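What follows is a set of notes on a single structure, which appears directly below.
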Amino acid sequence: MNDIVLNCGYVPLVDCAPLVIAKDLGFAAEEGLALNLVAQPSWSALRDMLAFGSLDAAHMLSPMPVAMSIGLGGLPARIDTLMVLSVNGTVFGVSNAVAAELGDLPFGDAQALLAALAARQSGPLRIGVPFHYSMHRLLLSYWTSTVEHLAVEEVTVPPSRMADAVADGFVDAFWVGEPWGSVAVQQNVGQLMMTGSDVWKFAPEKVLAVRHDWAGFNEDAARRLMRAVFRASAWLDARKNRTLAVEILARSEHLSMSPDLIDPAVSGQITPRLNHAPEPVAHFLQFHNHAASFPWRSQAAWIAQQLGADTAGIQKAKACFRSDLYRQNLSGIGADLPGASEKVEGGLQVETAVASTGGHMILAQDAFFDGRTFDFPSGKR
């Protein structure tokens with residue numbers, strides 16, 4: 001029997017790892033899949049390729065399926081999130097010139113950094129983000145909305161161009177996924193000030209996205225793909241596999257860069273500035289542990305709310321996070337499934353045991369930096 005061939009798009013970032021590992025270590029082949037990984041130069045290119053059917057599936061920014069499904073972004077299409085590919089994994093940094101203005105701030109203190117930026121007298125802060133419909137931009141907007149007197153100008157810059165944009169003075173600061181923040185540090189053009197998890201402890205960053213009609217017409221292929229990616233994600237979160245994961249990702253056919261630039265994200269050891277000791281960041285990048293790959297519908301609702309959706313839009317957003325397919329397709333391989341598909345976002349200040357099918361699920365902290373919580377009325381699972 002021939003393997004099912006799936007064209008899967010991705011943008012070269014560390015968090016494309018579940019797809020790379022699913023292919024390179026044979027998890028996809030064991031499910032009868034031949035994964036053709038197709039690198040894309042930008043998020044808009046990847047979006048268009050998926051929407052027009054040139055790709056079967058995609059490594060996608062978590063707000064993109066929501067935005068497309070509720071009709072935002074110029075290319076409306078019903079896009080489903082089959083599962084979350086990664087949680088967290090982003091960094092916020094500033095140019096060396098802005099860092100000099102801010103003075104000596106502790107790494108990872110979102111409140112102190114915000115106050116220091118608001119106190120600057122140098123005009124609007126031009127901040128590079130990879131895409132408007134990204135978790136980077138939503139966290140940036142949420143974070144900066146809590147203070148007055150901070151003018152922000154959002155500038156879209158592809159991840160791989162972010163360090164160049166800082167060096168050229170095109171942006172004053174940036175919010176980007178690894179390894180591109182570490183690239184800015186290694187090139188000595190910027191300094192990292194905090195991570196995305198300092199604003200939201202457990203933010204869904206990338207998702208495995210497909211067209212809604214594709215999921216309906218290709219149920220078997222979707223099931224095989226989800227199982228392969230689930231197993232790859234579990235492999236990635238095993239500490240013993242980190243060195244090999246970095247080596248695979250560094251290969252020319254994937255990220256094509258030095259392992260030294262990839263290791264910080266995988267190990268959670270983030271170097272804020274050149275010649276500085278690494279800062280350990282708990283849960284910097286998660287693929288599997290703490291139900292990281294589960295598509296919580298309450299997370300989709302939070303995303304839709306931040307995008308300005310009304311009640312109907314929030315319901316559409318919830319529907320595109322396919323917790324139903326996650327349960328249906330992964331229950332047979334021993335996945336520990338949460339008892340609910342929605343939760344109070346921001347409500348966990350400590351790791352917390354919750355009801356699950358396997359009885360062993362512990363969710364990580366998911367608090368917001370300002371202590372707020374978001375409770376969206378639960379619908380059917």
Side-chain angles (χ1 to χ4, degrees), residues 13-15 17-18 61-63 84-94 105-114 117 127 129-130 134-146 159 162 173-182 184-185 191-207 233 236-237 239 242 262-272 278-296 298-299 302-303 306 343-352 362-374:
L13 292 155
V14 176
D15 55 27
L61 295 157
S62 61
V84 174
L85 287 178
S86 64
V87 167
N88 301 332
T90 66
V91 292
F92 176 83
V94 299
L105 291 174
F107 178 78
D109 190 331
Q111 295 279 18
L113 176 58
L114 194 58
L117 289 172
I127 303 179
V129 295
S134 66
M135 184 57 67
H136 317 65
R137 207 275 298 175
L138 296 189
L139 292 179
L140 172 64
S141 178
Y142 180 83
W143 178 55
T144 56
S145 69
T146 60
M162 199 65 78
F174 55 92
W175 205 314
V176 72
E178 281 290 270
W180 301 109
S182 291
V185 171
Q191 299 183 23
L192 305 184
M193 307 303 293
M194 68 175 184
T195 70
S197 61
D198 292 313
V199 174
W200 186 8
K201 288 295 185 186
F202 213 72
E205 174 56 30
K206 302 301 190 306
V207 297
S233 298
L236 279 162
D237 269 1
R239 183 182 295 269
R242 287 177 178 172
I262 298 170
D263 182 75
V266 177
S267 66
Q269 299 286 325
I270 304 300
T271 300
E279 297 276 357
V281 180
H283 307 310
F284 175 75
L285 178 60
Q286 294 278 280
F287 299 106
H288 174 79
N289 295 343
H290 305 292
S293 64
F294 188 77
W296 294 96
S298 47
Q299 292 178 339
W302 184 87
I303 290 169
Q306 299 305 307
K343 57 186 175 68
V344 177
E345 294 301 330
L348 300 180
Q349 300 294 325
V350 296
E351 293 188 0
T352 304
I362 297 177
L363 299 184
Q365 299 176 46
D366 70 351
F368 291 91
F369 82 105
D370 57 358
R372 295 177 65 190
T373 60
F374 298 84

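These figures come from a predicted structure and were not determined experimentally.
Shown here for Phe287 and Ala17, the closest heavy-atom pair between the two residues is CZ-CB, 4.0 Å. Residues Ala291 and Trp296 come closest through the heavy atom pair O-NE1, 4.0 Å. Closest approach of Leu348 to Ala364, counting heavy atoms only: CD1-O, 3.5 Å. In this structure, Gly177 and Leu13 approach most closely via the heavy-atom pair O-CD2, 3.7 Å.
Here CD1 of Ile270 is found 9.0 Å from CG of Leu285. Values are rounded to the nearest 0.5 Å. Note that OG of Ser182 and CG of Leu192 are 6.0 Å apart. Values are rounded to the nearest 0.5 Å. Between atom CZ of residue Phe174 and atom CE of residue Met162 there is a gap of 8.0 Å, rounded to the nearest 0.5 Å. Between Phe368 atom CZ and Glu345 atom CD the span is 6.5 Å, to the nearest 0.5 Å. Between the OG1 atom in Thr271 and the CG atom in Asp263 there is a gap of 9.5 Å [rounded to 0.5 Å].
The side-chain heavy atoms of Pro280 and Gln269, taken from C-beta on, include a pair separated by under 4.5 Å. Residues Ser298 and Val344 form no side-chain contact, since every pair of their non-hydrogen atoms from C-beta on lies 4.5 Å or further apart. Put simply, the side chain of Leu236 does not reach to within 4.5 Å of the side chain of His288, judged on heavy atoms. Taking the side chain as every heavy atom from C-beta outward, Phe92 and Ile127 approach each other to under 4.5 Å. Using a 4.5 Å heavy-atom threshold, the side chains of Lys343 and Leu363 count as touching. Here the side chains of His283 and His290 are in contact, with some heavy-atom distance below 4.5 Å. Considering only heavy atoms from C-beta on, Gln191 stays 4.5 Å or farther from Phe107 through its side chain.
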Audit row: Val84, Val207, side-chain contact (heavy atoms from CB on, under 4.5 Å) steps and yes/no: CA-CA 4 Å; Val84 174; Val207 297; 4.3 Å; yes
Check the pair Trp175, Met135 against side-chain contact (heavy atoms from CB on, under 4.5 Å), reporting the backbone distance first and the verdict last. CA-CA 10 Å; Trp175 205 314; Met135 184 57 67; over 6 Å; no
So Glu178 and Val266, side-chain contact (heavy atoms from CB on, under 4.5 Å) or not? Walk me through it. CA-CA 9 Å; Glu178 281 290 270; Val266 177; over 6 Å; no
Counting only pairs under 3.5 Å, give me each side-chain donor-acceptor contact of residues 138-145, with atom names and distances, residues two or more places apart or in other chains.
from   : atom 1 : to     : atom 2 : distance (Å)
Tyr142 : OH     : Asp370 : OD1    : 2.8
Tyr142 : OH     : Asp370 : OD2    : 2.9
Trp143 : NE1    : Ala110 : O      : 3.1
Thr144 : OG1    : Leu140 : O      : 2.8
Ser145 : OG     : Ser141 : O      : 3.3
Ser145 : OG     : Tyr142 : O      : 2.8

Enumerate, atom names and distances included, each donor-acceptor pair closer than 3.5 Å involving a side-chain atom of residues 199-206, sequence neighbours excluded.
from   : atom 1 : to     : atom 2 : distance (Å)
Trp200 : NE1    : Asp366 : O      : 3.0
Lys206 : NZ     : Asp15  : OD2    : 2.7

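Between the side chain of Asn88 and the backbone N or O of Ser197 there is no donor-acceptor pair closer than 3.5 Å. Gln299 contributes no side-chain N or O that, together with a main-chain N or O of Trp302, makes up a donor-acceptor pair within less than 3.5 Å.
Gln111 pairs by the side-chain contact (heavy atoms from CB on, under 4.5 Å) definition with Asp109, Phe369, not counting sequence neighbours.
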